[in-house]
Amino acid sequence: MLFDTHAHLNDEQYKDDLQEVIERAQKEGVSNMVVVGFDRPTIEKAMELAKNYEFIYACIGWHPVDAIDMTPEDLLWIEELSAHPKVVALGEMGLDYHWDKSPKDIQKEVFRKQIRLAKKVKLPIVIHNREATGDIVEILKEEGAEEVGGIMHCFSGSPEIAKECMNMNFYISLGGPVTFKNAKKPKEVAAEVPLDKLLIETDCPYLAPHPFRGKRNEPAYVKLVAEQIAEIKGVSVEEIAEATTRNAKKLFAIK
Ligand SMILES: [Zn+2]
Ligand SMILES: [Zn+2]
């Protein structure tokens with residue numbers, strides 16, 4: 001049993017073969033997935049998938065790259081949807097300093113608003129971080145995000161930062177990059193993060209693991225992430241699958 005905690009099956013790239021993609025995932029032992037919506041169209045699609053498939057859950061929020069587009073109505077809409085039993089987390093939210101569509105101060109404001117909403121509706125949060133680690137950690141601390149906790153998704157920082165996040169009630173989620181030959185930090189993090197704090201994800205259609213690097217990613221490949229972590233930790237892939245699935249179900253409050 002594998003749990004892909006971060007998949008964008010609501011992406012355009014699956015519009016022609018979604019059913020096949022889902023069936024391949026199930027064949028590889030992926031028992032659950034969380035589909036992440038981060039703007040109006042992708043949230044709508046994530047909700048639809050979560051309602052149509054028993055084993056799919058939704059995570060909804062506003063992406064930092066598009067922070068500048070989020071209106072008060074959007075936030076209210078997310079709050080209303082968050083009451084649905086298949087919505088298990090808010091996000092992805094955070095900061096992305098790689099792209100400059102949204103100014104930093106607007107990104108920070110939208111991030112803070114979503115953390116406050118998560119505390120209000122009592123859901124964990126999924127953090128997107130690109131080149132913004134210092135500011136992310138500071139905001140999580142200032143906003144008391146520890147109260148809801150959540151996931152550092154597709155974590156690419158150092159083991160020291162991972163530890164700081166774990167101390168704030170966050171799980172560390174690893175994806176395709178841990179399988180890349182030159183990925184020093186994700187491999188160090190895989191070695192050091194204890195099994196009860198680890199999650200796996202694909203972030204598909206992005207970041208396909210080796211040997212599919214550069215191609216379209218899909219939930220079936222989360223098995224390759226689990227295998228790589230098992231090799232690094234020197235344990236069986238079953239042990240990784242079992243621990244990460246247990247962690248995900250606990251965090252998302254899934255039975
Ligand atoms: Zn992300
Ligand atoms: Zn994502």
Side-chain angles (χ1 to χ4, degrees), residues 1-11 13-14 21-22 24-26 28-38 42 46 49-50 53 55-61 63 87-94 96 124-130 136 149-157 162 165-166 170-180 183 185-187 189-190 193 195-210 212-213 215-230 232-233 237 240-252 254:
M1 283 225 301
L2 295 156
F3 198 132
D4 185 354
T5 59
H6 196 112
H8 298 282
L9 288 181
N10 43 359
D11 191 277
Q13 292 187 44
Y14 302 107
V21 167
I22 289 173
R24 274 200 293 277
Q26 293 190 297
E28 290 297 331
V30 181
S31 55
N32 294 98
M33 357 183 168
V34 168
V35 172
V36 181
F38 51 55
T42 58
L49 291 171
Y53 295 90
F55 48 88
I56 291 180
Y57 296 83
C59 169
I60 58 172
H63 203 282
V87 175
V88 292
L90 294 192
E92 54 192 291
M93 62 176 79
D96 190 319
I125 57 180
V126 173
I127 306 298
H128 171 99
N129 168 22
R130 197 158 179 200
I136 295 245
I151 302 174
M152 304 307 290
H153 118 76
C154 212
F155 188 80
S156 61
C165 296
M166 288 186 274
F170 279 80
Y171 287 85
I172 304 300
S173 182
L174 294 173
V178 76
T179 69
F180 300 165
K185 275 201 268 180
K187 288 186 202 293
V189 166
V193 170
L195 271 182
D196 65 346
K197 282 291 176 189
L198 202 59
L199 295 172
I200 51 174
E201 65 172 271
T202 54
D203 199 17
C204 65
Y206 318 105
L207 296 171
H210 177 78
F212 302 108
R213 191 173 183 176
K215 304 226 168 69
R216 186 186 72 169
N217 197 0
E218 59 178 72
Y221 300 164
V222 80
K223 193 178 182 184
L224 298 166
V225 174
E227 285 171 355
Q228 178 69 76
I229 296 172
I232 291 169
K233 282 197 171 310
V237 68
I240 298 297
E242 202 216 308
T244 52
T245 298
R246 193 186 329 116
N247 296 342
K249 287 187 170 175
K250 186 178 167 201
L251 175 70
F252 296 133
I254 294 170

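Below, each value reflects all heavy atoms present in this structure, side chains not excepted, and no hydrogens, waters or symmetry copies. The structure displayed is predicted, hence computed values, not measured ones.
To the nearest 0.5 Å, atom CE of residue Met1 and atom CZ of residue Arg246 are 10.5 Å apart. Taking CG from Leu195 and OG1 from Thr244, the interatomic distance works out to 8.5 Å, rounded to the nearest 0.5 Å. Here the CG-OG distance, from Leu2 to Ser31, works out to 7.0 Å after rounding to the nearest 0.5 Å. Note: Met152 CE to Met166 CE = 11.0 Å, rounded to the nearest 0.5 Å. Note: Ile172 CD1 to Cys154 SG = 12.0 Å, rounded to the nearest 0.5 Å. Here the straight-line distance linking atom OG1 of Thr245 with atom NZ of Lys250 works out to 14.5 Å at 0.5 Å rounding.
Closest of all the heavy-atom pairs between Met93 and Leu90 is CE-O, 3.6 Å. When all heavy atoms of Val193 and Ala162 are compared, the pair lying nearest together is CG2-CB, 4.2 Å. Here the closest heavy-atom approach between residue Ala58 and residue Ala46 is recorded as CB-O, 4.0 Å. Of all non-hydrogen atoms in Phe180 and Ala208, the two that sit nearest each other are CE2-O, 3.4 Å. Between Gly91 and Cys59, the shortest heavy-atom contact is O-SG, 3.4 Å. Of all heavy-atom pairs between Leu224 and His210, the closest is CD1-O, 3.8 Å.
Ring geometry, Phe3 versus Phe252: the interplanar angle falls from 30° to 60°, so the pair is classed tilted. Taking the six-membered ring for Trp and thresholds of 30 and 60 degrees, His6 and His153 have nearly parallel ring planes, at less than 30 degrees apart.
Taking the side chain as every heavy atom from C-beta outward, Tyr57 and Val87 never approach each other to under 4.5 Å. Residues Ile127 and Phe170 form a side-chain contact, since some pair of their non-hydrogen atoms from C-beta on lies under 4.5 Å apart. Inter-residue side-chain proximity for Val36 and Val126 is flagged as unmet; no heavy-atom pair is nearer than 4.5 Å. In this structure, the side chains of Leu251 and Asn247 stay at 4.5 Å or more apart for every pair of heavy atoms. A heavy-atom distance below 4.5 Å is not found between the side chains of His8 and Thr42. No side-chain heavy atom of Leu9 sits less than 4.5 Å from a side-chain heavy atom of Glu218. Val30 places none of its side-chain heavy atoms less than 4.5 Å from the side chain of Phe55. Looking at heavy atoms from C-beta onward, Ile232 lies in side-chain contact with Val178 at the 4.5 angstrom threshold.
Listed by chain and residue number, Ala132, Thr133, Ile136 satisfy the side chain to side chain contact (heavy atoms under 4.5 Å, CB included) test with Asn129 (two or more places apart in sequence, or in another chain). Under the side chain to side chain contact (heavy atoms under 4.5 Å, CB included) criterion, Ser173 pairs with Thr5, Ile151, Leu199, Glu201, not counting sequence neighbours. A search for salt bridge (Lys or Arg N to Asp or Glu O under 4.0 Å) contacts involving Arg213 returns nothing, not counting sequence neighbours. When the salt bridge (Lys or Arg N to Asp or Glu O under 4.0 Å) test is applied to Lys223, the partners found at least two apart in sequence or on another chain are Glu28. For Glu92, there are no salt bridge (Lys or Arg N to Asp or Glu O under 4.0 Å) partners two or more places apart in sequence or in a different chain. Partners of Tyr14 by ring-ring contact (aromatic ring centres under 6.0 Å, His included), not counting sequence neighbours: none found.
Remark: side-chain polar atoms of Thr179 are not paired, donor with acceptor, to backbone N or O of Val225 under 3.5 angstrom. Under a 3.5 Å cut-off, the side chain of Asn217 and the backbone N or O of Leu207 do form a donor-acceptor pair. The backbone N or O of Gly157 sits nowhere less than 3.5 Å from a side-chain atom of Lys185 that would complete a donor-acceptor pair.
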Steps toward side-chain hydrogen bond (donor to acceptor under 3.5 Å, both in side chains) verdict (Asp4, Thr202): CA-CA 6 Å; Asp4 185 354; Thr202 54; 2.6 Å; yes

